[in-house]
Amino acid sequence: MLTKRIIPCLDIKNGRTVKGINFVSLRDAGDPVELAEIYSREGADELVFLDITATEERRKTLLDLVSKVAKAINIPFTVGGGISTIEDVDKLLRAGADKVSINSSAVKNPQLINDLSSKFGSQCIVVAIDAKKIDNKWKVHLVGGKIPTEIDLFKWAKEVAQRGAGEILFTSMNNDGTKKGFANKALAKMSSIVNVPIIASGGAGSIHHFIDVFRDGRSDAALAASVFHFKEIEINKLKQELNNNNIPVRI
Amino acid sequence: MKKINSSLIKNKRSSFGRTGGGIAIIDYGAGNVQSVKYALERLGKNSVLTNDAELIKKADKVIFPGVGEASSAMKALRDKGLDKLIPKLKQPVLGICLGLQLMCKYSEENNTTGLGIFNVSVKQFTDQLKVPQIGWNQIENLKGKLFKGISDKEFMYLVHSYYVPKNKFTVATTNYGFDYTSAMQKDNFYGVQFHPEKSSSAGEKLLDNFLKI
């Protein structure tokens, strides 16, 4: 049986992890490679690296990092952040990334999804969507959730799937950072209208939230950052609990 | 324990020196081939990424990876003359993911004619399931040397929208709504639908088994 995936997300700036990371065992708390190895050993199913570097040199630094991560770990990983061309994707995949995630660039140029999926295959193209519920309507937001658009979340989700996205990574900005649980209703609705796997993001605070996101939110995977970085939830224990609740996971 | 370990290392080194032809990973521009090379490095093995027919012919082991779309991958193989070479190889050959699918005679993905090593057709997953299948699923009904020391129902990482139905060459199955072929073998040709290079220690074990065939 296909299992539900647990995906820690690492924010990267200038080749280093950004948020304070509370790992006693880590020799260098800012080293993404070491952190990736630890998560991989603890049973993470995949990793996501989100590059938030804004400088000119970002691409080279990121490619170096991708290649180091690919050498070190034996589970798949996705790279996102500022990807807007076929050339960007080609270089990242060649450096060893398994998948790339595109977000604002897909909204600005939806044809990019078609171009990337026909060139590299849908399986490595993740479309990330940040959305916020305003007046009972879910609206897509750009640039890390800063800029609102009039685009309806569900229409956009359907469109990206039709254009060839292999997966959708949906972050609810209403839930992100609250630690009060994922946006399960919106996630379940998305699952009912699109046929590609959905990664839930935003709101993880407890093990129960993960049980809910798979059961009520019908998600295929769940992504979180701080609860893992600060060891509030240990991946081993999380997966054991999911298993105890009859949610299929790789243990 | 220490003694055993050091003799193991010695053995590894000496067999490495003996191999000569080494391990060739066919690089025809399809997807993330670098990962396979890195996985072999983690096993302490060097390999070359190549589309050179002579290097591929001389290699002791050939790995035929690939992610992406079938018809453009076949075109890339034809452009390099590899479509004629691969079916004639005599050494152990391991097709991974799209590599396995291209070893078949036909794929529904853009009506692609494959290499025809396995006389079976590749089909598309129906819309009743999420497509692509992405994630960790179990391999079962394991047969043969490839799976030595790997337990039934072990988890492997899969990413695919097309699949090979069960057939007489099947040496492992996976269930995604129904049982399909997750590994096949015919003579010196092996194929796996999952990605051993991304399937944690179990995947590395499988690669190690292949190198020992």
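These figures come from a predicted structure and were not determined experimentally. What you see below is based on every heavy atom in this structure, not just the backbone, and it leaves out hydrogens, waters and symmetry mates. The sequence lines fix the lettering, A, B, ..., with proteins before strands; numbering per chain opens at 1.
Between B/Leu129 atom CG and A/Leu2 atom CG the span is 9.5 Å, to the nearest 0.5 Å. B/Ile134 contributes atom CD1, which lies 8.5 Å from atom CG of A/Asp220 (distance to the nearest 0.5 angstrom). For the atom pair CE (A/Met1) and OG1 (B/Thr174), the distance works out to 13.5 Å, reported to the nearest 0.5 Å.
In this structure, no portion of B/Leu158 lies under 4.5 Å from any heavy atom of chain A. If you measure heavy-atom distances from A/Ala95 to chain B, the contacts under 4.5 Å come from the backbone alone. Heavy-atom distances place the side chain of A/Arg5, and not its backbone, under 4.5 Å from chain B. For B/Ser199, the part sitting under 4.5 Å from any heavy atom of chain A is the backbone (N, CA, C, O) and nothing else. Interface remark: B/Glu204 contributes side-chain atoms only to the contact with chain A (heavy atom separation under 4.5 Å). Neither the backbone nor the side chain of A/Lys4 comes within less than 4.5 Å of any heavy atom in chain B.
The shortest heavy-atom contact between A/Val196 and B/Val131 is CG1-O, 3.5 Å. Across A/Asp45 and B/Trp136, no two heavy atoms sit closer than the pair O-NE1, 3.0 Å.
Side-chain contact of A/Ser191 with B/Lys130: a donor-acceptor pair under 3.5 Å is present, judged by distance alone.
More than 12 heavy atoms of other residues, nucleotides or ligands shown are found within 6.0 angstrom of NZ on B/Lys80. Shown here is A/Gln111, whose CD atom has more than 12 heavy atoms of other residues, nucleotides or ligands within 6.0 Å.
Contact residues of residues 62-81 of chain A toward chain B are A/Ser67, A/Ala70, A/Lys71, A/Ala72, A/Ile73, A/Asn74, A/Ile75, A/Pro76, A/Phe77 (heavy-atom distance under 4.5 Å). Residues of residues 121-129 of chain A lying under 4.5 angstrom from chain B, judged on non-hydrogen atoms, are A/Gly121, A/Gln123 in numerical order.
Among A/Ala221, A/Ala97, A/Ser40, the residue with the largest count of heavy-atom pairs under 4.5 Å with chain B is A/Ala97. Of the listed residues (B/Pro132, B/Ser200, B/Ala39, B/Ser35), the one with the most heavy-atom contacts under 4.5 Å to chain A is B/Ser200. Between chain A and the residues B/Arg42, B/Glu69, B/Gln138, the largest count of heavy-atom pairs under 4.5 Å involves B/Arg42.
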